[in-house]
**Student:** 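Have a look at this one.
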Amino acid sequence: MSIQFSDDGLIVHISNKFISYVMEAVDGKYLVLRYFGKAVRRYHGAGEPFYYKRGYTTEHPCSIPNVSFDDFPFEYPARGYGDYRIPAFAVTQDSGIEFVKLMFQGFRVLEEKPELTGLPAAFAKKGETETLEVTCEDGIAGIRVRLYYTIFEDRGVIARSQKVENIGNQALKLQNVQSFSLELPAKEYDVLSLYGTHAGEGNVSRSLLSHGVWRIESVRGSSSPQQQPFFALMDPHSTEYSGEVYGFQLIYSGNFLAQAEKDQFGNVRAQIGIHPDTFCWELNPGEAFQAPEAILNYSSEGLNGMSQNFHWLYQYHLMPSGFTHRERPVLLNSWEAMYYDVSLGKLEEQAEQAKELGAELFVLDDGWFRADNSSRTSMGDWECNQQKLPGGIAAAAELIHSKGMQFGLWFEPEAVCRDSNLYREHPDWALQIPGYEITEGRHEYILDLSQKKVREYVISVLDAYLEGGQIDYVKWDMNRPFTEVNSLALPKERKGEISHRYILGLYEILDTITKRYPKMLLEGCSSGGARFDPGMLHYAAQNWSSDNTDAFDRTRIQAGFSLMYPPIAMGAHVSITPNHQTGRTVSLNTRYQVARLFNMGYELDLSKCSSEEKSEIARQIEEYKKERGWLQRASFYRNEAPNENYAIWSSVREDQEECLAMIFQKLYRPLCSRGRFRLAGLNPEYDYVECGSKKSYGGDELMETGISIPLAKEDFYVFMFHFIREK
Ligand code: GLA
């Protein structure tokens with residue numbers, strides 16, 4: 001890993017074994033990107049900008065002949081002086097004029113990665129990263145922007161962010177501060193992103209990037225199930241195993257915009273950041289604004305290469321470090337077994353059986369504080385309903401602990417029901433617009449986390465439950481998109497700040513709670529995977545991926561999220577059949593195998609399981625416990641399947657000594673021809689025994705020749721292969 005400068009100090013080359021990122025301050029004034037991609041040993045100046053004379057354009061004082069700013073690879077572009085493509089930065093000055101022109105000032109190398117005040121970000125120990133700070137200024141407007149580039153020693157990723165400072169004496173309004181802007185050379189790219197819906201998260205969209213602006217976004221208040229704050233630009237021929245892929249993700253849980261523009265000459269500009277439509281930030285003299293961090297990820301080894309870069313970064317440099325290596329407990333969640341109708345008797349019945357089967361954590365989901373058995377009341381009050389649970393949460397926790405299990409509890413701390421004491425006492429704590437009815441979502445309003453006293457209330461509620469040390473796990477849910485996004489506490493010139501201030505407020509609460517209770521395992525949830533994003537992952541070591549627990553649908557959802565998130569970050573539960581969401585009947589073995597490479601748990605009424613099913617569950621848990629240690633750190637692959645009838649995944653142990661490979665056959669097709677699939681990530685020099693058949697294969701053979709998919713006359717069928725190195 002190194003950051004090197006040209007002799008004149010105007011070209012900088014940030015690199016490690018995998019990637020190079022080269023920028024130039026043209027004429028010492030204009031910061032442009034020269035190259036981002038596979039590592040080059042040393043940068044001698046190849047790929048210098050060269051310009052044709054363009055018509056219908058503007059001229060600029062620049063030593064490069066024929067320069068047109070509409071074709072210039074600006075590193076952090078703004079509009080108004082000749083670049084008409086998507087801007088990364090926009091500011092309204094005190095005069096009401098929206099204009100800013102940043103000029104390069106200097107480079108500085110930082111040994112340690114700076115923290116992003118108030119925001120989640122990748123972290124690293126001294127020596128694991130190097131950071132370049134680039135300073136640009138608009139002296140007339142009084143703006144300084146510091147651009148940060150952190151390179152990690154071990155993978156092809158760069159963490160990018162911006163800090164904006166008001167160094168003048170006029171009030172400024174920040175209209176747009178994207179977290180990066182990236183210029184890619186003119187060629188064909190596919191653009192890939194993840195779209196979805198409640199109970200249908202994580203679907204892959206891939207298409208050719210055409211001329212114009214491609215964009216995905218969230219304006220729902222949180223990152224949303226509709227689009228992930230992620231996209232990739234990739235060689236159209238690239239596959240899971242091969243080809244160049246540029247992946248981008250924002251470490252943020254609120255409204256975002258992700259764009260890629262293919263301009264008139266075929267050049268491509270990519271950006272991601274806070275959504276400018278719901279953002280306007282007043283920056284007074286002396287103040288600074290920190291934009292969220294984005295990750296630039298380059299892989300020359302297809303989508304799996306990109307995923308493994310993200311997995312590594314998120315597991316070792318983003319999620320709470322106390323959980324990176326900590327084996328996660330096998331949990332039983334009460335939701336699908338009891339829904340709102342919880343009671344101490346049911347808890348005891350389920351917990352006793354769960355313990356016998358080997359579960360380690362009992363999670364009491366929604367229902368425990370509700371006045372009735374619905375979502376209509378009580379949200380915000382957080383008082384246990386003693387009729388349902390005499391003795392309250394303390395008694396419930398004691399009961400579970402007495403069975404030798406950990407105890408987990410569900411909260412939805414950001415919401416309040418109209419029918420609640422909290423709302424009756426503090427109607428001004430909800431987001432609202434005076435004079436208009438507040439729109440409900442799942443019978444909830446949203447608490448205004450931009451207000452300090454609201455944050456203090458939320459923290460005090462959690463403290464009251466967590467202080468006693470009886471709660472080992474919290475499921476933090478959030479179940480509705482935002483409306484009437486206004487804070488009664490913010491003055492009119494700051495109304496444009498509420499969406500972002502809400503997210504900052506959320507992060508402040510999460511930061512306080514996770515620092516105060518570092519051993520407590522936090523699982524993020526938002527009607528399933530509606531806010532499964534890297535921002536939440538920074539605080540919540542695991543996230544519930546979807547309310548849809550159907551194994552067949554899960555092959556799509558988990559594969560989609562695995563583009564970015566390591567399997568251990570993803571809750572995957574074995575639930576009852578027929579499935580509550582889809583009505584589909586799938587064997588217990590298949591349900592287990594689809595969850596097995598992820599963060600496996602159970603969510604079903606054990607009293608309804610037969611004794612055969614229970615002994616099968618006990619066997620599954622025993623097997624999972626043996627493997628979870630290495631699986632948690634394994635390299636996860638989406639293997640290429642012969643056709644869309646199969647979903648194939650494999651996890652290869654860190655030392656390549658072991659591999660679990662799962663083949664999910666969607667439907668039995670009597671007339672299909674025999675398929676094969678190739679494994680990945682094994683050591684070609686090793687021989688492996690397949691534990692079921694006891695047959696031996698070479699690692700190279702498994703990866704090149706591949707193995708035949710057996711025939712099975714069953715729909716939704718899983719073949720699981722377990723390879724262990726032959727000694
Ligand atoms: C959301 C979650 C579920 C469950 C319910 C409880 O939908 O995604 O897992 O916790 O809320 O109300």
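Both counts, for ligands and for their atoms, begin at 1 and track the order of listing. Computation of the quantities below employed the complete heavy-atom set of this structure, encompassing side-chain atoms and omitting hydrogens, waters and symmetry-equivalent molecules.
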**Student:** Which atoms from ligand 1 have a heavy atom of Trp544 less than 4.0 Å away?
**Tutor:** 8 (O), 9 (O)
**Student:** Given Gln558 and Trp649, is the side-chain hydrogen bond (donor to acceptor under 3.5 Å, both in side chains) satisfied, shown in steps?
**Tutor:** CA-CA 10 Å; Gln558 290 167 204; Trp649 306 329; over 6 Å; no
**Student:** Give the numbers and elements of all ligand 1 atoms closer than 4.0 Å to a heavy atom of Cys525.
**Tutor:** 2 (C), 8 (O)
**Student:** Select one of side chain, backbone, both or neither to describe which atoms of Arg442 lie under 4.0 Å from any atom of ligand 1, heavy atoms only.
**Tutor:** side chain
**Student:** Does ligand 1 come near enough to Asp366 that some N or O of the ligand is less than 3.5 Å from an N or O of the residue?
**Tutor:** yes
**Student:** Mark yes or no: Arg326 above the aromatic ring of Phe323, with NZ or CZ under 6.0 Å from the six-membered ring centre and no more than 45 degrees from the axis.
**Tutor:** yes
**Student:** Among Trp544, Tyr592, Tyr602, exactly one meets ring pair (Phe, Tyr, Trp, His ring centres under 6.0 Å) together with His573. Which residue is that?
**Tutor:** Trp544
**Student:** Scan side-chain atoms only and decide if Glu412 and Asn479 contain a donor-acceptor pair under the 3.5 Å cut-off.
**Tutor:** yes
**Student:** Enumerate the atoms of ligand 1 whose separation from the nearest heavy atom of Lys475 is less than 4.0 angstrom.
**Tutor:** 3 (C), 4 (C), 9 (O), 10 (O)
**Student:** How far apart are the closest heavy atoms of Asp533 and Ser253, and which atoms are they?
**Tutor:** OD1-OG, 2.8 Å
**Student:** How about Glu336 and Gln581: does a side-chain donor come under 3.5 Å of a side-chain acceptor?
**Tutor:** yes
**Student:** Any N or O on Trp410 sitting closer than 3.5 Å to an N or O of ligand 1?
**Tutor:** yes
**Student:** If we set the cut-off at 4.0 Å for heavy atoms, which region of Asn333 has an atom near ligand 1: side chain, backbone, both, or neither?
**Tutor:** neither
**Student:** Decide whether an N or O pair under 3.5 Å exists between Gly528 and ligand 1.
**Tutor:** yes
**Student:** Below the 3.5 angstrom mark, is there an N/O of Ser526, backbone or side chain, next to an N/O of ligand 1?
**Tutor:** no
**Student:** Minimum heavy-atom separation for Glu201 and Pro225, please, with both atom names.
**Tutor:** CG-CB, 4.0 Å
**Student:** Considering only heavy atoms of Asn479, which atoms of ligand 1 have at least one such atom less than 4.0 Å away?
**Tutor:** 1 (C), 7 (O), 11 (O)
